[in-house]
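Here is the naming used below: chain letters follow the sequence lines, and residue numbers restart at 1 for every chain.
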Amino acid sequence: MSPGLRYGLMLVAGLAIGTGTAVAQLRQSFAAMGIENGPWRTGEKVGTADASVATRATVALRGLLALPEREAIYFNAAVDSQGRKLIGKCAYRVSGGTIDARWWSLTLYDSKGYLIPNPASVHSVGSAAIAPDEAANWTVDVAAKRTGAHWIAMPDDQPFELTLRAYHPSRQLRAERGRAPLPRIERGECRA
Amino acid sequence: MSRWIGPIVVAVIAALAAWYATLAATPTVIMDRAWERLAEQAGYNRMAHTPLVTADHQTIVRPSPDLAYSICAFDLSQSPLEVMANPVPDHYWSLTVFDSVTDVAFVESDRDTKGAPIRVVLATADQQVPKGARKIVMPDARGVALIRVLLKSRGEIGAVDAYRKQSFCRPLKG
């Protein structure tokens with residue numbers, strides 16, 4: 001094999017591997033953003049040129065026009081607290097306490113980041129719906145049918161993701177987003 | 001084997017370069033497509049006060065069903081753009097301006113303004129703006145200005161619309 005052919009082949013192979021790795025990284029939901037807190041993934045410096053190239057690409061692909069962190073932090077989960085993929089054929093209970101922010105919401109999306117049609121049109125639960133005496137210990141059920149006071153509809157069997165938005169997060173939450181207490185996601189019964 | 005050392009080094013460098021270039025280009029490509037879609041649906045250099053998000057009506061990925069969005073895809077190539085965000089009392093609301101590569105050029109919310117409206121003029125570095133205007137320098141001509149208003153319930157959209165629909169973006173007259 002001639003030297004030119006060797007170099008050409010390896011150049012093409014390198015380009016393909018590099019591009020493929022980037023695409024695979026972006027397909028892994030929010031893992032590329034770097035910060036892990038239980039089942040939740042988030043990033044730093046969102047909306048700025050200082051964010052990592054992987055964070056910027058992930059946000060553009062999965063959360064275009066996201067707010068910078070002084071306004072909001074976005075935590076995203078594609079797995080439960082035991083690391084199992086979130087799928088619609090299982091019921092889930094999300095339980096948490098006070099989130100150190102002015103307001104928070106939990107929203108369910110399909111694996112591409114879009115709301116899933118459901119007869120009740122229930123896609124999210126926000127802190128405004130949580131009574132003061134529940135604020136330190138609340139639960140939200142994710143299931144096909146309502147099972148509790150706070151419920152998000154998951155109408156079919158497809159994989160899904162949850163996004164926790166914390167608007168006007170405290171300075172402490174911003175600084176400790178990788179270890180601050182965040183809601184747990186527990187899997188319940190699954191349909192066969 | 002030694003004949004392959006050079007080509008392997010080339011492959012490694014090419015892989016790193018391709019990985020970085022793919023990730024780095026992603027925001028620009030996606031923002032460009034989003035801008036075109038927004039401009040096609042609602043025009044540009046005008047504020048579109050979009051209906052509440054539903055599963056059947058989602059313009060942008062990962063929309064929040066708890067927010068009312070007003071959006072202005074802009075192009076400064078002909079003139080600077082004036083943007084006014086009108087307060088919605090007792091609600092979280094914010095104005096964010098994104099450049100063509102998804103970076104935030106400006107953001108303020110009700111917490112910052114303490115109930116006052118936000119008035120800014122978006123312009124490229126070489127464009128003149130009226131004296132006293134609050135100029136936000138954009139790195140290039142295209143971008144998106146986005147107003148978010150948090151709803152306490154979806155039923156209050158009528159009351160919120162009375163405030164948010166006073167917000168606007170419009171080219172500055174020469």
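The environment of B:Gln78 atom CD is sparse: at most 12 non-hydrogen atoms of other residues, nucleotides or ligands sit within 6.0 angstrom. Other residues, nucleotides and ligands place more than 12 heavy atoms under 6.0 Å from the CZ atom of A:Arg84. Counted within 6.0 Å of CG on A:Asp133, heavy atoms from surrounding residues, nucleotides or ligands total more than 12; the atom is thus considered enclosed. Residue A:Arg191 qualifies as enclosed at atom CZ: its count of foreign heavy atoms under 6.0 Å is above 12. Heavy atoms from other residues, nucleotides or ligands lying under 6.0 Å from CZ of B:Phe168 number more than 12. In this structure, B:Tyr92 places its OH atom where more than 12 heavy-atom neighbours from other residues, nucleotides or ligands lie under 6.0 Å away. With a 6.0 Å radius and a threshold of 12 heavy atoms from other residues, nucleotides or ligands, B:Gln128 has its CD atom at or below the threshold.
Annotation: maximal heavy-atom pairing with chain B below 4.5 Å, among A:Pro68, A:Gly47, A:Ala16, A:Ala128, occurs at A:Gly47. Each of B:Val107, B:Thr102, B:Thr96 has some count of heavy-atom pairs under 4.5 Å with chain A, and the biggest count is that of B:Val107. Interface summary for chain A: among B:Val61, B:Val104, B:Ile71, B:Val29, the most heavy-atom pairs under 4.5 angstrom belong to B:Val61. With chain B as partner, the option from A:Leu64, A:Val46, A:Ile17 having the largest number of non-hydrogen pairs under 4.5 angstrom is A:Leu64. Chosen from A:Gly63, A:Ala51, A:Pro117, A:Gly113, the residue pairing most often with chain B at heavy-atom distances under 4.5 Å is A:Gly113. Among the candidates B:Ala14, B:Ala18, B:Pro7, the residue making the largest number of heavy-atom pairs closer than 4.5 Å to chain A is B:Pro7. Interface remark: of the candidates B:Ala24, B:Ala25, B:Ser64, B:Ser64 forms the most heavy-atom pairs closer than 4.5 Å to chain A. For the set B:Glu108, B:Arg148, B:Arg154, the count of heavy-atom pairs under 4.5 angstrom toward chain A peaks at B:Arg148.
The CG atom of B:Leu67 sits 7.5 Å away from atom OG of A:Ser105, with the distance rounded to the nearest 0.5 Å. Taking CD of B:Gln58 as the reference point, atom CG of A:Leu115 lies at 4.0 Å (rounded to 0.5 Å). Residue B:Ser109 holds its OG atom at 10.5 Å from OH of A:Tyr167, rounded to the nearest 0.5 Å. Rounding to the nearest 0.5 Å gives a distance of 5.5 Å between CH2 of B:Trp19 and CD of A:Gln25. Distance CG/B:Leu23 to OG1/A:Thr19: 9.5 Å, rounded to 0.5 Å.
For B:Asp112, the part sitting under 4.5 Å from any heavy atom of chain A is the side chain, from C-beta outward, and nothing else. For A:Thr48, the part lying near chain B is the backbone, with the side chain staying farther off; criterion is any non-hydrogen pair under 4.5 Å. Contacts of A:Leu9 with chain B are absent, with no heavy-atom separation under 4.5 Å from either backbone or side chain. For A:Ala66, the part lying near chain B is the backbone, with the side chain staying farther off; criterion is any non-hydrogen pair under 4.5 Å. Proximity to chain B involves both the backbone and the side chain of A:Arg70, based on heavy atoms less than 4.5 angstrom apart. Only the backbone of A:Ile116 comes within contact range of chain B, with at least one heavy atom under 4.5 Å from a heavy atom of that chain. Neither the backbone nor the side chain of B:Leu151 has a heavy atom closer than 4.5 Å to any heavy atom of chain A. There is no contact between B:Leu16 and chain A, counting heavy-atom distances below 4.5 Å. Both the backbone and the side chain of A:Ala49 have a heavy atom closer than 4.5 Å to some heavy atom of chain B.
Taking both residues in full, the closest heavy atoms of A:Ser124 and B:Pro65 are given as OG-CG, 3.6 Å, listed atom of the first, atom of the second, then distance. The two residues A:Arg56 and B:Val101 come nearest to each other via the heavy atoms NH2-O, 3.0 Å. In plain terms, the two heavy atoms of B:Ile8 and A:Met10 that are nearest each other are CG1-CE, 3.7 Å.
B:Leu146 and B:Phe74 are members of different hydrophobic clusters when ILVMFWY side chains are connected at heavy-atom separations under 4.5 Å. The hydrophobic clustering, which links ILVMFWY residues whose side-chain heavy atoms are closer than 4.5 Å, places A:Trp40 and A:Leu108 together. Linking ILVMFWY side-chain heavy atoms closer than 4.5 Å, directly or via other members, places B:Met138 and B:Leu172 in two distinct hydrophobic clusters. The hydrophobic cluster containing A:Leu67 does not contain B:Ile147, counting ILVMFWY residues as joined when their side-chain heavy atoms lie under 4.5 angstrom apart, directly or transitively. Note on A:Val79 and A:Leu182: separate hydrophobic clusters, where clusters join Ile, Leu, Val, Met, Phe, Trp and Tyr whose side-chain heavy atoms are under 4.5 Å apart, directly or indirectly.
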> side chain to side chain donor-acceptor pair (under 3.5 Å) between B:Thr54 and A:His123: does it pass, once the steps are laid out?
Replying inline: CA-CA 9 Å; B:Thr54 65; A:His123 307 284; over 6 Å; no
>> side-chain contact (heavy atoms from CB on, under 4.5 Å) for B:Asp66 and A:Trp103? Distances and angles first, verdict last.
In response: CA-CA 11 Å; B:Asp66 308 309; A:Trp103 165 74; 4.0 Å; yes
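The main-chain N or O of A:Arg6 is never found under 3.5 Å from a side-chain atom of B:Arg3 such that the two would form a donor-acceptor pair. Looking only at distances, a side-chain donor or acceptor of A:Tyr109 sits under 3.5 Å from a matching main-chain atom of B:Pro63.
Taking 4.0 Å as the cut-off between side-chain N and carboxylate O, B:Asp103 and A:Lys45 do not count as a salt-bridged pair.
A:Thr163 and B:Arg62 are linked by a side-chain donor-acceptor pair at a separation below 3.5 angstrom, with hydrogens and angles left out of the test.
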